[in-house]
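All remarks here apply to the structure that follows.
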Amino acid sequence: MNTSVQTDETPRYPFREIERTWQKRWADADIYKVDTSSTKPKFYTLVMFPYPSGSGLHVGHGKNYIPGDVLARHMRMKGYNVLNPMGWDAFGQPAEQDAIKRGVNPRTVVPQLAAEYRRQLETLGVSYDWSREINSTEPAYYKWNQWAFLLLLERGLAYRDNAPVNWCVNESTVLANEEVVDGKCWRCDGPVVQKPLPQWKFKITAYADKLIAGLDTINWPEGVKTQQREWIGRSEGAEVDFAVTGDTPANITVFTTRPDTLWGATFLVLAPEHPLVATITTDAQKAAVNDYIDAASRASEQDRTAENRPKTGVFTGAYAQNPVNGEDIPIWIADYVLTGYGTGAIMAVPAHDQRDFDFAKAMGLAIRLVYRESDDQTDDAITAAFAEGGTLRADIGAPESIVGLPNDKYTTVPKVLDVIANQGYARKRVNYRLRDWLVSRQRYWGTPIPIIHCPACGIVPVPVDQLPVLLPDVENYKPGNDGRSPLASIPEFVNCTCPTCGGAAERETDTMAGSVDSSWYFLRFTSPDCTTGAWDRAAADYWMPVDLYLGGREHAVGHLLYCRFFTKVFHDAGLLTADEPAYALRNQGMLLAESFVDKENGHPIKPDELHKYNPDQLEKQWLKMSKSKGNAVTPDEMADSYGADALRLYICFEAPFEDTIQWSEERMSGTFRFLSRSWDVIQTIAGTTVDASTDHADARSVRRKVHQTIAKVSLAIADLRMNTVVSSLMILQDVIRKFVTAGGATHPAAREAAEAFTLLLAPLAPHTADALWELLGHANTFTINEAWPESDPEVAAEDEVTVVVQVNGKLRDKLTLPAGADNASTEAAAMALPKIVAELDGKTIRKVIVVPNKLVNIVAG
RNA sequence: GGGCGAGUGGUGAAAUGGCAGACACGCUGGUCUUAGGAGCCAGUGCCGCAAGGCGUAGGGGUUCAACUCCCCUCUCGCCCACCA
């Protein structure tokens with residue numbers, strides 16, 4: 001496919017030369033550097049910073065960066081002081097795994113990869129202020145990661161915990177809850193099991209309510225907000241204590257959202273990891289219980305949560321007393337009760353909860369209805385949990401005041417909870433699904449955690465003036481399988497003196513998850529060279545919050561929750577005025593490309609391996625573009641064949657920002673043709689001398705189209721509807737070309753149109769626009785420094801309009817009328833149309849609707 | 001099972017209650033050409049010779065008027081999923 005490329009002779013539209021020339025001029029003039037003394041209103045636009053991988057950039061990355069750059073350029077022309085920065089999220093598992101796969105040391109390749117990413121982005125003609133480039137793997141950056149860690153520690157928001165954690169078997173590291181996807185590791189798809197290890201956590205749960213409340217103050221997609229609310233998972237309910245009967249005195253506390261069903265609790269279930277299991281289990285049951293716990297700890301999270309998995313569990317031999325009726329009920333353990341949620345123990349009400357029902361049936365346990373539809377309904381008659389309907393039974397010992405209430409969680413539950421809370425059987429309690437954020441990693445490639453373990457003083461933070469704790473240079477950075485970081489085997493790193501007592505001590509050898517680095521980078525961009533703090537307060541308060549943040553939907557509950565948490569912590573610590581990182585957020589759609597896939601196993605096949613396959617083994621599929629799938633197209637190839645501007649236009653034109661698009665080089669030839677034609681026609685106009693005395697019948701309508709297009713494009717760019725921006729420009733270009741063909745090239749309207757068109761094109765195709773702008777006589781300047789054209793409503797106004805005439809809502813004829821005709825004359829003109837007269841013959845007119853300048857609808861019958 | 005989003009020509013899509021299919025790809029024809037896989041011009045939702053009729057996943061509703069708002073059903077995509 002090479003239809004549009006003009007290789008041999010000088011191309012009609014010399015895009016390669018244009019792009020080379022202007023990229024050099026931009027760099028030489030340093031035009032994207034932010035003016036820190038500006039008095040203009042600020043606009044901070046940010047795209048999620050990438051980790052530079054060995055695969056390099058492909059055009060799919062442009063799905064986000066290009067529209068972001070178009071908006072940044074537009075806002076600058078609109079008179080805003082724009083911050084549009086870029087940097088590298090180069091610490092963490094993705095970068096490290098990539099280095100391992102390629103057999104290289106991340107320390108040596110990351111700078112090279114970052115340079116290559118930057119070169120490729122520059123090829124696209126982006127307007128980043130590279131003087132603000134940040135790289136999270138440099139001490140100047142990660143020093144402040146360590147500072148942030150200590151700030152959280154000081155504020156009681158960082159702690160060391162010994163609870164069971166997610167452990168990725170393949171990569172030998174722990175994972176945050178948000179990094180376990182489908183029970184598997186987010187990076188390697190390997191199995192994840194629970195393993196008890198001492199780990200550092202950030203207490204994000206302390207911010208659960210603030211994180212929920214903040215969602216009402218930001219303009220983020222509803223889907224992302226909903227996901228965050230559900231991930232935080234606030235639920236109101238009660239805690240109830242059950243006293244264990246028998247020899248071992250103990251209390252089992254359960255959390256429930258249905259305290260009204262307490263009379264139907266016929267057994268308790270503890271998570272296998274529950275701390276009381278060992279204490280309460282009777283000798284007779286010990287062996288069975290230990291076997292069960294053993295099996296549960298070995299099973300991966302995926303196996304334990306598999307869909308439709310039959311309920312399993314084992315009896316502890318112990319009983320507990322139901323406080324409301326004094327009944328002794330058996331205590332079981334089962335892995336359908338999760339250790340991390342609530343209290344890790346539940347009261348089971350099989351009559352009204354399907355999971356408990358399934359368990360009761362499997363184990364032959366009692367079922368008792370609390371709500372019944374009638375007095376005849378018997379406990380053993382139900383075949384599934386009775387979740388809705390019925391009224392509270394009189395014969396189960398419940399207080400008079402609640403008997404007969406309907407089975408409704410919104411009305412009855414609070415009433416019953418009040419009653420039993422007064423009686424002392426329950427305490428009101430709010431629970432969250434959100435768990436604390438596990439930030440330590442047993443890996444090399446990350447920020448060292450600035451902690452010292454002293455035999456005398458315990459956990460001692462490294463004093464801030466001793467930061468950064470440098471990540472040592474090592475030969476072997478690969479993780480071991482002993483659950484310890486590679487840093488643990490470097491004595492020079494580990495051995496140190498305690499800052500408090502001066503005695504021999506050891507450094508923490510875990511590093512921080514990469515998600516810590518990305519939780520505040522948007523603040524660093526406001527003052528990337530600040531050495532007195534993580535950011536300069538005045539700069540951060542000037543720029544923050546980010547006005548528009550662009551990135552993928554996959555970050556909805558990971559990064560986008562973490563960075564909101566960090567921002568709120570900084571705000572509460574009095575270090576920042578903003579309390580949300582980004583006022584507006586938009587999620588780009590994916591870019592898919594066609595790949596060949598092995599029919600047998602669904603694996604994508606790279607083009608150079610296709611010859612090994614027989615054609616009927618292969619199937620074409622649209623998959624997310626990536627080098628590993630063999631369907632990647634680089635910006636370099638496209639810039640060489642069609643130019644970066646054509647690529648930018650293609651990405652913008654193919655679909656709205658949020659939509660997924662399917663890569664098509666064939667379609668890109670359309671935007672290439674558009675640019676070639678633009679080059680021709682503007683060049684033609686630029687090559688003539690304006691003759692103010694010329695008169696042309698179409699001049700008025702050309703000017704009208706120009707001003708209409710300005711208005712339309714301005715609105716659409718701000719809303720990221722770049723596809724309609726491009727189409728409006730195509731229509732305008734067509735009008736200009738026809739005017740030139742009709743002899744209008746020297747008319748002032750042609751010049752006005754050419755200049756407006758060039759400026760409107762500038763955010764999308766900056767190289768071509770700058771070259772045309774120069775041809776139009778604007779030497780030594782750049783379109784990005786020009787003012788965005790203003791639409792004059794009087795020029796844009798139509799003087800004639802087409803009015804649609806309907807009878808009973810069906811289109812019957814059209815009228816051309818002067819704009820602004822009054823309703824009476826519009827109606828009269830419609831009624832006089834022969835087709836309408838014929839249509840209305842023999843009918844009675846009941847009603848006539850007139851929408852000025854648009855439509856007449858005659859209701860008749 | 002739950003949440004969010006989507007369903008419009010051969011294809012990507014446009015239309016924020018008022019002419020459905022703008023713009024573009026593809027295709028067809030014309031033109032210019034030694035040539036065309038370049039350029040330019042025109043046509044292109046479906047049925048029909050036409051007049052005209054039909055048409056935005058399907059069904060119902062609101063409205064003078066529905067791709068658009070409401071209800072039900074189906075299909076697809078993404079996310080979450082034993083959370084007590």
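These figures come from a predicted structure and were not determined experimentally. In what follows, chains are A, B, ... by sequence order, proteins preceding strands, each numbered from 1.
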[N] to [M] separation - [atom1] atoms, rounded to the nearest Å:
| N | M | atom1 | value |
| --- | --- | --- | --- |
| B:C69 | B:G7 | P | 10 Å |
| B:G53 | B:C41 | P | 34 Å |
| B:C70 | B:C4 | P | 13 Å |
| B:G36 | B:A24 | P | 25 Å |
| B:U68 | B:A57 | P | 8 Å |
| B:G2 | B:U73 | P | 11 Å |
| B:C76 | B:A81 | P | 22 Å |
| B:U56 | B:C46 | P | 15 Å |

Pair [X], [Y]: side-chain N/O donor-acceptor within cut-off below 3.5 Å:
| X | Y | value |
| --- | --- | --- |
| A:Tyr341 | A:Ser235 | yes |
| A:Tyr650 | A:Glu665 | no |
| A:Asp241 | A:Thr253 | yes |

| query | Can you give the dot-bracket line for RNA chain B, using ( ) for pairs inside the strand, [ ] for pairs that cross earlier ones, | for pairs with another strand and . for unpaired bases, where Watson-Crick and G-U count if both distances are under 3.5 Å? | reply | (((((((..(((.....[....)))((((((.......))))))(((....)))..(((((..]....))))))))))))....
For [X] and [N], give me the distance from atom [atom1] to atom [atom2], rounded to whole Å.
| X | N | atom1 | atom2 | result |
| --- | --- | --- | --- | --- |
| A:Asp734 | B:C40 | CG | P | 11 Å |
| A:Phe657 | B:G12 | CZ | C1' | 18 Å |
| A:Met590 | B:C78 | CE | P | 7 Å |
| A:Met668 | B:G26 | CE | C1' | 17 Å |
| A:Tyr13 | B:A38 | OH | C1' | 17 Å |
| A:Gln662 | B:G26 | CD | P | 16 Å |
| A:Tyr642 | B:G37 | OH | C1' | 12 Å |
| A:Tyr432 | B:C80 | OH | P | 22 Å |

| message | Test: side-chain hydrogen bond (donor to acceptor under 3.5 Å, both in side chains). Region: residues 721-730 of chain A. Which pairs qualify, not counting sequence neighbours? | response | A:Asp719-A:Arg721
Polar pairs (N or O, both sides) under 3.5 Å between protein and nucleotides 51-56 of chain B?
{"from": "B:G53", "atom 1": "OP1", "to": "A:Arg812", "atom 2": "NH1", "distance (Å)": "3.4"}

| If you look at every strand shown and take non-hydrogen atoms under 4.0 Å, does A:Ser664 touch a base, only sugar-phosphate, or nothing? | nothing
| message | So A:Pro656, base contact, sugar-phosphate only, or nothing? Heavy-atom distance under 4.0 Å. | response | sugar-phosphate
Donor-acceptor pair, side chain of [X] and main chain of [Y], under 3.5 angstrom:
| X | Y | result |
| --- | --- | --- |
| A:Asp356 | A:Val349 | yes |
| A:Lys63 | A:Phe657 | yes |
| A:Asp645 | A:Phe15 | no |

| message | To check you understand the geometry: which heavy-atom pair defines the closest contact between A:Ala830 and A:Leu815, and what is its length? | response | N-CD1, 3.6 Å
| Shortest non-hydrogen contact from A:Ala556 to A:Gln228? | O-NE2, 2.8 Å
| said: Generate the contact string for nucleotides 16-24 of chain B. Rules: B means base contact, S means sugar-phosphate contact only, - means no protein heavy atom under 4.0 Å. | reply: B-BB--BBB
| task | Have a look at B:G60 and give me syn or anti from its glycosidic angle (syn if within 90° of zero). | result | anti
| Listed partners of A:Glu654 passing side-chain hydrogen bond (donor to acceptor under 3.5 Å, both in side chains), at least two apart | A:Arg667
| request: Identify, with sequence neighbours excluded, every residue that meets side-chain hydrogen bond (donor to acceptor under 3.5 Å, both in side chains) alongside A:Gln354. | output: A:Asp358
| request: On RNA chain B, check which nucleotide each of A:Gly809 and A:Gly233 is closest to and give me the residue with the more 5' one. | output: A:Gly809
Contacts under 3.5 angstrom, residues 844-861 of chain A side chains, donor-acceptor by atom type, not counting sequence neighbours:
{"from": "A:Asn853", "atom 1": "OD1", "to": "A:Gly820", "atom 2": "N", "distance (Å)": "2.8"}
{"from": "A:Asn857", "atom 1": "OD1", "to": "A:Gly809", "atom 2": "N", "distance (Å)": "3.0"}

| said: Holding to side chain to side chain contact (heavy atoms under 4.5 Å, CB included), I want the full list of residues that pass it with A:Glu594, two or more places apart in sequence or in another chain. | reply: A:Lys620, A:Trp622
| request: Kindly assign one of parallel, tilted or perpendicular to the pair A:Tyr13 and A:Trp679, based on the angle between their ring planes and the thresholds 30° and 60°. | output: tilted
Only pairs under 3.5 Å count here: list side-chain donor-acceptor contacts from residues 733-741 of chain A, not counting sequence neighbours, and write none if there are none.
{"from": "A:Gln733", "atom 1": "OE1", "to": "A:Arg737", "atom 2": "NH1", "distance (Å)": "3.1"}
{"from": "A:Gln733", "atom 1": "NE2", "to": "A:Phe674", "atom 2": "O", "distance (Å)": "3.0"}
{"from": "A:Gln733", "atom 1": "NE2", "to": "A:Ser678", "atom 2": "OG", "distance (Å)": "2.9"}
{"from": "A:Asp734", "atom 1": "OD2", "to": "A:Lys738", "atom 2": "NZ", "distance (Å)": "2.9"}
{"from": "A:Thr741", "atom 1": "OG1", "to": "A:Arg737", "atom 2": "O", "distance (Å)": "2.7"}

| request: Check whether any side-chain heavy atom of A:Phe359 sits under 4.5 Å from a side-chain heavy atom of A:Thr312, and report yes or no. | output: no
Would you list the protein and nucleotides 58-63 of chain B atom pairs, both N or O, that sit under 3.5 Å from each other?
none

| message | Quick check on B:C41: is either OP1 or OP2 less than 4.0 Å from any side-chain nitrogen or oxygen of A:Arg737? | response | yes
Could I get a table of every N or O pair under 3.5 Å where one atom is in the protein and the other is in nucleotides 2-8 of chain B?
none

| message | Check this for me: does any side-chain nitrogen of one of A:Arg229 and A:Asp216 sit under 4.0 Å from a carboxylate oxygen of the other? | response | yes
| remark: Residue set satisfying salt bridge (Lys or Arg N to Asp or Glu O under 4.0 Å) with A:Glu798, at least two apart, ordered chain then number -> A:Arg704
